[in-house]
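Below is one structure, written out as structure tokens, with a few remarks after it.
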There are 2 protein chains.
Amino acid sequence: MPRTKQFDEKEVLNKAMELFWEKGFHATSIQDLVSHIGINRASIYDTYGDKTALFDKAFEQYRNNSLESLRNILHSEPDVKKGFQNLFQLVIDDVKTGRCTKGCFVVNTITELVPGDAALQNKLVQNSAITEALFAEYIRNGITSGNLTTSKNPEAMAFTLFTLFSGLRVMAKIEQNPSKLSDTIAIGLTILD
Amino acid sequence: MPRTKQFDEKEVLNKAMELFWEKGFHATSIQDLVSHIGINRASIYDTYGDKTALFDKAFEQYRNNSLESLRNILHSEPDVKKGFQNLFQLVIDDVKTGRCTKGCFVVNTITELVPGDAALQNKLVQNSAITEALFAEYIRNGITSGNLTTSKNPEAMAFTLFTLFSGLRVMAKIEQNPSKLSDTIAIGLTILD
DNA sequence: TTTGTATCGGAACGATAGTTCCAAAATAGA
DNA sequence: TCTATTTTGGAACTATCGTTCCGATACAAA
């Protein structure tokens, strides 16, 4: 009976994600979203709720996308160092092409909105834990299979690489010399030795 | 002849810095500043200019403070690894005491306001260059004096440690387990080996 | 003490924030 | 084709945004 929606929910969420990702929560107004997405204010509120709810959904979508591509990148490369190299290389590619200057939505959100809303903070902590666990498992498998030879603690290495990765996503926003970032990655990966 | 100011300019700038540092540029309103600082709106505008100008001055003050304490920490410790250890330890101390959850004002500003105003971006690039140079010189001195034994490139190590440091300041906002951060530092400093 | 000048307190400005509401439009089923 | 139901477009609401203005105040110099 009802009239059908004239937009695709996922597609709109993607556009909202892009804008929040680029400008952050506070600098993105509902009007910005309306203009950028091209749908009516009322449609946003009816479909997603208020600004915070929309942000949450957009952020959730980013997390899902990232975690999935993260898993793909690592699991498609049996050599641990190469796997991390491939992951880190994505950041450099963004700088090289100049296509994406938005940094990492998660990092941006941590620095903008923590301390603040407790629910969001929990989500961020959980996201960090999942990523660390992913890194750690990947490293442990490398050690077990003999691909990696190190006496260091896998979990600690995982957290260190994750920290370095987060730092890289900050630096990539202002450091436009890709070779400098490449050198950093090469040195950073010696952590695995 | 004129009436004297009823507040200390530096002191007020410090309070403005605290607020911008904690909440970021966009989430900090003039009213927030008026309430937190305790002076009148007109006094802010008369003394510092508009919101952007005040932010710039507050940010400049943070940079000066940080660079000075950075220099002090490194120059007071001849052992390079210990020097960096001491520097990184400050981040952990913030987490341990729970006193400062604001992260790093510079990192926060990069993730919030880049890409954006070109003048600010230049300032951030310059700040990064100064810090890298400081790190690099410290490392080079360590190599020259025989305190450090490594075949790696000092500038690249400097940038890597700076990147790791930036990442640490992000992670410290959500990772409340200090020992995890300590482990990361220990592993991160093996970059100097 | 008087005078001139800058500051202070607070009201007020227009613009924009996030949000709500409602009449008009549109479509899936009867 | 008609009807019931939902979406849509856009006006409108209140609150707050950054900023300006001005009369009252207070101090340094004469």
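Residue numbers begin at 1 in each chain, while the letters A, B, ... track the order of the sequences.
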Handout entry: side-chain N/O B/Ser43 vs C/dT7 OP1/OP2, d < 4.0 Å
Key =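 Answer no for this pair, as no side-chain N or O of B/Ser43 is under 4.0 Å from OP1 or OP2.
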For [X] and [N], give me the distance from atom [atom1] to atom [atom2], rounded to whole Å.
X       : N      : atom1 : atom2 : value
B/Phe7  : D/dA26 : CZ    : C1'   : 15 Å
B/Ile39 : C/dG9  : CD1   : C1'   : 12 Å
B/Ile44 : D/dC17 : CD1   : P     : 13 Å
B/Phe25 : D/dG18 : CZ    : P     : 8 Å
A/Asn40 : C/dT20 : CG    : P     : 14 Å
B/Glu9  : C/dT7  : CD    : C1'   : 12 Å
A/Asp46 : D/dT6  : CG    : P     : 11 Å

Handout entry: Side chain of A/Ala42 (C-beta onward), nearest among C/dT19, D/dG18, C/dC21
Key =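 Selected nucleotide (nearest to the side chain): C/dC21.
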Problem - Residues B/Arg140, B/Glu155: salt bridge by 4.0 Å N-O rule - result: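 Result for this pair is yes, salt bridge flagged.
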Problem - B/Lys102/B/Glu18 ion pair, N-O < 4.0 Å - result: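 Salt bridge absent between B/Lys102 and B/Glu18.
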Practice task
Tell me whether the centres of the aromatic rings in A/Phe105 and A/Phe55 are closer together than 6.0 Å.
Solution key: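 Ring-ring flag for A/Phe105/A/Phe55: true, centres closer than 6.0 Å.
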Problem - Non-hydrogen atoms of A/Phe162 and A/Thr131 that approach each other most closely - result: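 Where A/Phe162 meets A/Thr131 most closely, the heavy atoms are CE1-CG2, 3.5 Å.
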Listed pairs, N/O of protein and of nucleotides 13-17 of chain C, under 3.5 Å:
from	atom 1	to	atom 2	distance (Å)
C/dA17	OP1	A/Ser29	OG	3.4

Exercise for the section: Determine the sole option in A/Thr47, A/Thr28, A/Ile44 for which the side-chain contact (heavy atoms from CB on, under 4.5 Å) test with A/Leu54 is passed. Expected result: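 Exactly one option meets the side-chain contact (heavy atoms from CB on, under 4.5 Å) with A/Leu54, and it is A/Ile44.
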Exercise for the section: Indicate, with a heavy-atom threshold strictly under 4.0 Å, whether B/Asp50 touches base, sugar-phosphate, or nothing. Expected result: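 Answer is sugar-phosphate: B/Asp50 comes under 4.0 Å of backbone atoms only.
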Handout entry: Lys NZ or Arg CZ of B/Lys123 over B/Phe59 ring: under 6.0 Å, within 45°
Key =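 The answer is no; the distance or angle limit is not met.
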Exercise for the section: Return the orientation label for the A/Phe20 and A/Phe25 ring planes: parallel under 30°, perpendicular over 60°, tilted otherwise. Expected result: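 Plane angle under 30°, so parallel.
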Problem - Polar pair under 3.5 Å, donor/acceptor by atom type, side chain A/Arg41, base C/dT20 - result: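 When only heavy-atom distances are counted, A/Arg41 does not reach the base of C/dT20 through any donor-acceptor pair under 3.5 Å.
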